[in-house]
Every structure is written in structure tokens, then in C-alpha cells.
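So you know, we letter chains A, B, ... as the sequences are listed, proteins then strands, and number each from 1.
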Amino acid sequence: MHQVFKRPVSLKDVQTHFCPGCHHGTIHRLVAEALDEFGLQQETIGIASIGCSVFLYYYFDIDVIETPHGRAPAVATGVKRARPDRFVFTYQGDGDLAAIGTAEIIHAANRGEHISVVFVNNTTYGMTGGQMAPTTLLGQRTSTSPTGRKPEVEGFPIRMAELLSGLDGVAFSARAAVNTPKNLMDAKKQIKKAFRYQGEGKGFSFVEVLAACPTNWGMNAIEANERVGREMCEYFKLGTFKNTAGL
Amino acid sequence: MAKRLLVRGNEAICRGAIEAGCRYYFGYPITPQNDIPEYMSREMPNVNGVFIQAESEIASVNMVMGAAATGARAMTSSSSPGISLKMEAISYMAGMELPCLIVNISRSGPGLGGIDASQGDYFQAVKGGGHGGYHILVLAPASIQEMYDLTMLAFDLAEIYRIPAMILGDAVVGQMKEPLVPHPRPDRELPAKDWALRGKSGGEQRYIKSLYLGDGELEAHNWKLYAKYQEMKAKESRWEDFLTSDADLIVTGFGSAARIAKTAVMMAREEGLKVGLLRPITLFPFPSAAFAERTLRCKKILDVELNTGQMVEDVRLSVARDAEVHFYGRPSGTGSLPTPEEILGQIKKYY
Amino acid sequence: MYMAGFGGQGVLLAGTLLSHAAMNEGKNVSFMPSYGVEKRGGAAMCTVVISDGEVGSPVIGNPSVGVFLNQASFDKYCPMIKAGGTCIVNTSLVDPATCAREDIEIIPIPMNAIAMEMGDARMVNMVAVGAYAARTGAVSPAALAEALKDTLPERNHKYIPDNIRVLEAGAARISHH
């Protein structure tokens, strides 16, 4: 019998703790597929962040270090500088990367560290219970913006992929989503491109992936998935913002 | 006699670190330790090492975490306010059991304080300055030679006990110049780093973490750390004894304060007073047994610190029950460094 | 000993030179600088302890010798000199009458004037070191000359003969005295 679908070897055979309809599991799989397809499992060091992504080591069958909130790009810098022969990626959420870790991501990017960053943007703090994130959309209700985010009070959602693309140290920056089969296929291509950048020694690469957080959005899985396309893709445009090597 | 070099304390730390095989330095400028990043930026490239001036104290210590996680010898340095910023990562590394070196050439506080020599960071250093209840190895050099030797020792002990290590100095031992006799790192058997991240490379998955959520896991982890601290206390407590065997009064203090006190002790001896000096070299583990033993005979202790009284608490917990512990402190600031003559006055007061 | 002046007078370099010379002679030595937050023009001061035995404290309250290159440092530190001690004073910039002490010896030397005579006003620190070494015998003239190599950056080694001449000129003032 010809096997058409199987678990990537870079993922472990375990059940996730993610909520129904959460996109983390899907994004984990895309990352694992990319690692498998480039044959990177045995030489990868993953950098986990704080949030729902903290259990990276539990789902991925790769070496992993768990880092303080927001500091993954700095830890990745230390790992990569000490082991330039290893493949190093961070996996970070929006609170981690775009709020508390803003300095670390900007400066790792600006130094052009040879690392890859997978940034999962679900417009909220997932693990702590749905508080407002720097990427929370205007008007979006969260547990700390109960009447909706107001620009005059809380400012505007940050577009990290565009922001980082303005730095000379960044070689590749893109945004993808996993809400439709087409977007999912594109997301995998973008992740693979980002990984190729590192593999070929071409510099810092960044992929933002829009994701659903149905539990904290107060939606079911289908509604949440639809919101990604309807609201998030409107504000956070999908596409490639920088591709210096034209991969 | 081996060739002596006249070097500044901060430079002695760098030389010791490089001799100990440290090839990864991550830092951020702050007075009075800037000689360290400046030296490392110049010298690391010559030994195929890495120097990064990070965007913050926080980033620099997290870079240390990353490099240390691969088994490399890595270090950062800073001064008091910067060390406060590093505390989050130090707590993580204590939990992760990652060996590394953090140098604190401390300055006066609280807050921005000043740039003068201070010992106001004793509590922060030895009591687990970050959250969660942990300890790190803390060494307090009192000479330029010790800045060099203890830096090498710190890297070794950090690996043996899988624990972050700190050199706690100040502007006196950091800025002063004295002759240094450089020498190779003493041979010491070190455990294999079977925990270091390397990419699976055909082996079992490795991960480094400080999060323990399973029933009883975190408690067990904390008891394991506790056992390690007890072992360090038994095996690694270090101190200097100077004329204590017949002393009627023992002066104590660490680092620069002990150095100043030593001259006061010599002056007292010249006047016929039986005074000695007991100087803790490891602040964690604190050499409690040395205090307990010496105060069985000598009942007077005078503790001198550049603060309002920090190490004195550990001294009081360590001495024999009937020993008197007196304290003389000068919280630091411009013009507040005590002189040997001043400490001699205190010795006479309590002798 | 204390050596003090204002930033730019070469006080710290002079202290380092003395320390190198003492170390090269096999003595123990500590050099402890203290200076203002400003990079230039602030107060500059160092304590040098030279000993055949262990140095002990690098900080001292009452030194036996003080070398003072400006009025402010003389006024501040002259009262701290140990009774029976010595003050070597740069009378080009200091009026020693401001510290009326009978119990110490004050050696007036117009250091700026001598440095100017020798052709370089910047070498005022070398006049001071030469005088100090001659007065105390803490280090030999040969050790000082040798230590210039360790103390001056390579690019300034061409000035070593000039420095030695000024060290000698400083020492000569002690024999006159």
C-alpha cells in the first residue's frame, strides 16, 4: 500500500494540549515537515518561547531550549554563535515577540543573525487567558480591552513582518496564514524559504503566521478560522516583504 | 620568579576567562566594568572567540544562556543596575542548571546610586537575587591575582555543579592595578556535558528547561538543587585565614573591605593587639564552619562591609552562640571608602 | 603615597610608571586610581603602595608621602599626610602656604616651569615622579627609565629619552633641596 500521509519524523507521536481549532498544531506540523524535507532534524536546535509555544520540546523530536519571555532571539544568538553549524529557529507568539521581546527581535534581526524566526500571530495572549496583545486588532475585545482596543488609548496593531523588513540585517520577511488549504500550502512554502535562507547562509529570516485562538476569541473553530481570513488578513496583508536572495 | 604583569583587575578577569577557555562574551556598557567588554572586543577575535555588544543587559545574559546551553564556556559582565536586569535569566539558568559566568563589578546604589566601590549587592548575589529561591556560586576576589585565579575556578566549579557562577567585585578590585602572575588553568577533572544541546546527531533528544508542571516534579527539582547547594557548602567553601590562630578579635569582611581591613589588622599587630582576619572567598557557599570553629576560642568578631550590614547576617548565623559580632559599615558613595586607620579605630573600640 | 592633580596632568600615568618600576624591582605594589566622572579636567588622584612585604590595603588614609600638582589637591590632601611625612608640591600652580603644618616636610618644586624649560610642559608628571623617587628611594632611576617602556604606548616610545631627561631634572631638584 502506498502511504500518502504520515507524521513528520520531527514531530513526536503525542497528543497536543492545544484547544480545538487552534492553529499551533498545524503550524508545528508545517515546521516539522520543513525540517524533515531539508533533512534537518538531527542538526536542529529549537528555541521555545513563553506562551502556548513553551512545550516545543514535548511535540518536536529535536533538541530544544526553553527561554525567558521574549528572549528567544537573544538565546538563539548565543546558540547559533556557539554552534554555527547547527540549524537554529525560534518559535514565538505575539506577546513574546512583539511586546516584551521587541528589543531582542529587532536587534537579532538587525545584526543579521543566521537564524530563522517563526512568529505566530493570533492577536492575543493565549496561555494567560486572552489579554490584549500588541497585534490585537482595533475594536477587538480582550480580557484587558473589554470594550475593544481603541487607538487613542492602546495604540495600533503592530505589523512585525513589514517592520522587520525595513532593517538591513533582514534577508527574508514574509507573512502567511493557515486558514485555507491554499494559504496553508503558501505558509509551508514561506517557512521552507525562510529555512533555506539559513541553510544557505544567507542571513536572518522571518515568517509571521496568522493563527486562530478560538477559545480566547470566544468563537468556535469554524468562526475563528473565518475571522482569520475576514479580519486579520485585511489588516495583516499576506505576502513577501523582503526576499534579498530571490529564493 | 615567573614574569609579573601590572594589570587592572577587570583585565585580570578577562585574561583568566580566556585562559579558562571562555570564547563567548556578551555584554553591555556600564561603569565601572567597561574595561571588560573593551578588552574582550579586542582579544576575543584573536582566539577565534565571539564578542557581542548586545542591545541590553537582558539580551546579553540570554545570549550567555544560549551559548552555555551548547556546552560552551560563556560569560557576561556588568555592574549593579545591569545585574538587576540580568536576574531573570540568572534564575532561569539556576533552574536549568546551566554553567556560566556573570561578573558584577558592583557600584553603589540603590537605583542609579554612584560609581564608587560598593558591597551593597551581597544579598542580591548570595540569596538568589532573582525569583524562585535558588543560589549561584559567588566568589569574592580581594586581589588582582584572585580576579584571575577565581575566574578560572568559577568556570570549573560552574561545570562541576552545573550552576551559574558569579564574580562579585567592585571598583577597588576592578580598577586597581597590581602584579599578576598568569598561569595555565590548573588541571581539574570535569564531568562530561551529556546535557549540552547539539542537534540530536543520531542520539536521544535533549532539552533544557526550567518549567516543571507534573505532579511533584518541581518539588523534586528543588530538593535536587538544595542537595547540590549542601554538597557545595561541604566541599567548596573557601576562605583566607590571616593571623587568626591566637587572635582575641577576628576581623572579617569580603573583597575590597577585607583588603582594607587587612592593613588595619597588621597595624593592630604592630601595636601588640592580637587581631586576625577571616576572609570568606566563597560567599555562596558561605564558609560557616570556619566561623563556627574559630569562635569556639575567639569570642569577638568585627565585620567590616561597604554597606549597612549584609554579610553580617550570615556571620551571626555561623558563629558560636556566645560570640559577639560587631559591625562596621560604610555604605558607599563618593568619599565613603573607609581607610585602614579608620578600621583600626574600630578594632580598638571592640578589642 | 598619594599623587594628585587635575585630569590631563598625567597623574595616573605617573602612578602607573612608579608601580611598574617597583614591580620590576621585585617589590609588591598596588596602584589605585580615583577620578571624577568627567573624562578631562576633573580631579585625578591615585594611591600607590610600594612594599617589600604584602601590600595589604590599596587605600590609605594617612600616606607618608604626597605629590601634589595643583592647588585643589594640595588643599584637600595635605592635611592627611602622616606626621613626619613629606609633601612634594608643584609650586608653579600651588601656594604651599595654604596648609600650615609644622609636622611635615614640604618640598617646593616649580614643576611646570621645569617641564617648560625641558621643552615640553606636558612632562610635568615626569618632574614629579623623578623628584619623588629621588626623595624616597622607593624606586631607582634605572628602574623608572626601564618602566617607561612598559608604561608608554609603543607609539610614544620615541619620547622615552626626553622623559628620562625630565625624570632626571626632577630628581636633580631633590639634591639641590
Donor-acceptor pair, B/Glu341 side chain versus C/Asn62 backbone, under 3.5 Å? yes

Please look at B/Ile144 and chain C and tell me whether the side chain, the backbone, both or neither of the residue comes under 4.5 angstrom of a heavy atom of that chain. neither

At a 4.5 Å cut-off on heavy atoms, which part of C/Val55 comes close to chain B: side chain, backbone, both, or neither? both

Stepwise side chain to side chain contact (heavy atoms under 4.5 Å, CB included) test for B/Arg4 and C/Asn28: CA-CA 10 Å; B/Arg4 298 195 300 172; C/Asn28 290 315; 3.3 Å; yes

Min side-chain heavy-atom separation C/Ile60-B/Ile260 under 4.5 Å: no

B/Leu337, part contacting chain C, at a heavy-atom distance under 4.5 Å: side chain

Take B/Thr263 and C/Val59 through the side chain to side chain contact (heavy atoms under 4.5 Å, CB included) test and state the conclusion after the steps. CA-CA 9 Å; B/Thr263 291; C/Val59 181; over 6 Å; no

Atom pair CG/CD of C/Leu12 and B/Gln175 - distance to nearest 0.5 Å: 10.0 Å

For B/Val172, is it the side chain, the backbone, both, or neither that has a heavy atom closer than 4.5 Å to a heavy atom of chain C? both

Let me confirm one number: the CG-OG distance from B/Asp116 to C/Ser34, rounded to the nearest 0.5 Å. 8.5 Å

Counting heavy atoms not belonging to B/Tyr28, are there more than 12 under 6.0 Å from its OH? no

Turns out that what part of B/Lys177 lies under 4.5 Å from chain C's heavy atoms comes down to both

Quick check: are there more than 12 heavy atoms from other residues, nucleotides or ligands sitting under 6.0 Å from NZ of C/Lys82? no

Proximity breakdown for B/Ala258 and chain C, heavy-atom pairs closer than 4.5 Å: neither

Under 4.5 Å heavy-atom distance to chain B, tell me which part of C/Lys76 shows up: side chain, backbone, both or neither. neither

Hey, is CE on C/Met116 packed in by over 12 heavy atoms from elsewhere, all under 6.0 Å? no

Atom CZ of C/Arg122 with >12 non-hydrogen neighbours under 6.0 angstrom: no

Among the options B/Met176, B/Glu342, B/Arg259, pick out the one with the most heavy-atom pairs lying under 4.5 Å from chain C. B/Arg259

Could you tell me if the side chain of C/Glu54 sits less than 4.5 Å from the side chain of B/Phe242, heavy atoms only? yes

So for C/Thr16, is it side chain, backbone, both, or neither that comes closer than 4.5 Å to the heavy atoms of chain B? both

Which heavy atom of B/Pro340 sits nearest to which heavy atom of C/Gly61, and what is that distance? CD-N, 4.2 Å

4.5 Å side-chain heavy-atom contact, C/Met23 and B/Leu180: no

